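One structure below.
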Amino acid sequence: MTMTPRERVLAAMNHESLDRPPVAIFTQSATLGQMEKVGAAWPEAHKDAQLMAKLGCAQADVFGFECVRAPFCLTAEADTLGARVQVDKKDAAPMIKEHPFKFDPMMGEYDDPATMMPIEDFLKTGRVAVAIEAMGIMKKTHGEEYAIVAGNTGPFTLTGNLVNTENLVFGMMMCPEEVDKWVDAVNPYVTAYTHALMDAGADVVQCSEPSGSTDMLAPDMFEEAAGKHVRTALKPKEGKYTVLHICGDTLPILDQMVGTGVTGISIEEKVAPEDAVAKVGGKTVLVGNVGSVRPLFQGTPEEVVEGALRSAKAGFNVLSSGCGIAVATPDENMEAFVKTIKGLA
């Protein structure tokens, strides 16, 4: 029996046996090629729910990937909570320019997180509200055929976006009680946003927690900084799924990522796919890990084929990019990715 893309992705999320894995970008998926073809582009698509939904569905409509996914950055929550964010480029993701709250371990000066807006206002405000609305549109237009993936920001990373990530990491050693106070306060916002995205139509919430990577924290700091918070913020609801994405070499923390209780983990190419499967295959749904820079952005279609086949043969459950797709990724590389995995059936 032929499966729809939605059925295939959800079967993979449930560890069901398949003739081939789905090929579906769970991380940032928009490219300039998609923007031109569907008439929805950054920066407007970051701020308008209709345009966000159209561009979020373009990976399926243009290239034949097997899910749809929005939004496209990790700044919507911080923007809504008062950060100054530059959202004005077609060819680059929004960037945080100014943090709204003080967190200074050197001076011992810390704003009170209780001054953040109420959670119910957060969900109805700014680009958070736009993303929630976009989920409903995507569910209506593509929900029968495709799994809907929503992206949001992890509690430790979002806290850093609000108070300065460098200061927050420094605070892990100098004032851990202040770090806990802030991340404890931010975590309910992430939890509420996760649930709101699901309630609006998302089947999967893929949460990015890049500040929890081994590039930022020693592996033995992961649980205290991020893991214990992700465990509540990304607890899967019935009939819904969550995926934790962390950048960099996550091999030392793969077991801890699995231990957060998420449905799956998304990892990049710095971890050899065979090593990831050997360590945690069967314990979780593995999403990835074809390199988003090389081969997808900088490589040839032939290199994309090689990378995609390697991750598939290693045993990844969902074939996706290792990290967010670079916006200038060539159309031919995206097409080669889809054709290669669909050809495995």
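On a predicted model such as this, the values are computed, not experimentally measured, just so you know. Below, all heavy atoms of this structure are taken into account, side chains as well, without hydrogens, waters or symmetry copies.
For the pair E269 and N289, the tightest heavy-atom approach, listed with the atom from each and the gap, is CB-O, 3.5 Å. Shortest non-hydrogen contact noted between M135 and A70 is CE-O, 3.4 Å. When all heavy atoms of G201 and I148 are compared, the closest pair comes out as O-CD1, 3.6 Å. Pairing each heavy atom of N317 with each of P22, the nearest pair is O-CD, 3.2 Å.
You'll find the ring centres of F337 and F65 inside the 6.0 Å limit. Checked against a 6.0 Å centroid threshold, the rings of Y110 and W182 do not count as neighbours.
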Margin query: Using side-chain contact (heavy atoms from CB on, under 4.5 Å), reason through V190 and H229 one step at a time and then give a plain yes or no.
Written below: CA-CA 9 Å; V190 181; H229 302 288; over 6 Å; no
Note to self: I'd like to know whether V304 forms a side-chain contact (heavy atoms from CB on, under 4.5 Å) with T340, so could you lay out the CA-CA distance, the side-chain angles of the two residues, the decisive distance to 0.1 Å, and finally the verdict.
What the structure shows: CA-CA 9 Å; V304 172; T340 299; 5.7 Å; no
Checklist line | Stepwise side-chain hydrogen bond (donor to acceptor under 3.5 Å, both in side chains) check, S321 with T27 | finding: CA-CA 7 Å; S321 53; T27 52; 2.9 Å; yes
Item checked: Derivation and outcome, salt bridge (Lys or Arg N to Asp or Glu O under 4.0 Å), residues K228 and D180 -> CA-CA 11 Å; K228 67 181 183 182; D180 266 349; 3.2 Å; yes
Item checked: V85 vs R127, side-chain contact (heavy atoms from CB on, under 4.5 Å): CA-CA, chis, key distance, verdict -> CA-CA 11 Å; V85 180; R127 290 199 284 130; 3.8 Å; yes
Next item on the list: Could you give me the CA-CA distance, side-chain angles and deciding distance for Q59 and Q34, then say whether side-chain contact (heavy atoms from CB on, under 4.5 Å) is met?
Entry: CA-CA 7 Å; Q59 66 160 299; Q34 294 171 59; 4.0 Å; yes
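Side chain of K342 to backbone of G64: a donor-acceptor contact under 3.5 angstrom is found. Panel note: side chain E303, backbone T300; a donor-acceptor pair is recorded below 3.5 Å. No donor-acceptor pair closer than 3.5 Å links the side chain of R6 to the backbone N or O of H142. The main-chain N or O of I253 is never found under 3.5 Å from a side-chain atom of Q256 such that the two would form a donor-acceptor pair. The main-chain N or O of G248 is found under 3.5 Å from a side-chain atom of E268 such that the two form a donor-acceptor pair. For the pair N333 (side chain) and G299 (backbone), a donor-acceptor distance under 3.5 Å is present. For the pair T115 (side chain) and D112 (backbone), a donor-acceptor distance under 3.5 Å is present. When atom types are taken as modelled, the side chain of N14 and the backbone of E16 share no donor-acceptor pair closer than 3.5 angstrom. For the pair Q28 (side chain) and A30 (backbone), a donor-acceptor distance under 3.5 Å is present. Using modelled atom types, one side-chain atom of R69 and one backbone atom of F26 make a donor-acceptor pair closer than 3.5 Å.
Classification of R310 and E274 as a salt-bridged pair holds, one side-chain N sitting under 4.0 Å from a carboxylate O. Between K283 and D255, at least one side-chain N (NZ, or NE/NH1/NH2) sits under 4.0 Å from a carboxylate O, which counts as a salt bridge. Between D19 and R8 there is a salt bridge, since at least one side-chain N of the basic residue sits less than 4.0 Å from a carboxylate O of the acidic one. Using a 4.0 Å cut-off between charged side-chain N and carboxylate O, E332 and K339 make no salt bridge.
Interatomic distance, M52 CE to H46 NE2, rounded to the nearest 0.5 Å: 7.5 Å. Separation of atoms OG1 (T80) and CD (E77) is listed at 7.5 Å; rounding is to 0.5 Å. Of the inter-residue distances, the one linking F156 atom CZ with S213 atom OG reads 10.0 Å to the nearest 0.5 angstrom. From K279, atom NZ reaches atom CG of D275 across 9.5 Å, with rounding to the nearest 0.5 Å. Here the straight-line distance linking atom CG of N167 with atom CE of M107 works out to 12.0 Å at 0.5 Å rounding. Taken to the nearest 0.5 Å, the NZ atom of K240 stands 12.5 Å off from the OG1 atom of T242.
Side-chain atoms of Y146 and D203 form no donor-acceptor pair, as typed in the model, at a separation below 3.5 Å. There is no side-chain donor-acceptor pair under 3.5 Å between D48 and Q50. In this model, no donor atom of one side chain and acceptor atom of the other lie less than 3.5 Å apart for N161 and T153.
With sequence neighbours excluded, the residues forming a side chain to side chain donor-acceptor pair (under 3.5 Å) with D199 are K237, listed by chain and number.
None of N187, T194, T260, T191 except one satisfies the side chain to side chain donor-acceptor pair (under 3.5 Å) rule with T232; the exception is N187.
The local environment of CD in E177 is crowded, with over 12 non-hydrogen atoms from other residues, nucleotides or ligands closer than 6.0 Å. Applying the 6.0 Å contact sphere to NZ of K235 captures no more than 12 heavy atoms from other residues, nucleotides or ligands. For M117, the CE atom sits in a packed shell: over 12 heavy atoms of surrounding residues, nucleotides or ligands are nearer than 6.0 Å. Counting non-hydrogen atoms of neighbouring residues, nucleotides and ligands closer than 6.0 angstrom, the CZ atom of F101 exceeds 12 such neighbours. Counting heavy atoms of neighbouring residues, nucleotides and ligands inside a 6.0 Å radius, atom CD of E306 does not exceed 12 of them. Remark: M106 CE is loosely packed, at most 12 non-hydrogen atoms of other residues, nucleotides or ligands lying under 6.0 Å away.
A tilted orientation is assigned to the rings of F72 and W42, their planes being inclined by 30° to 60°.
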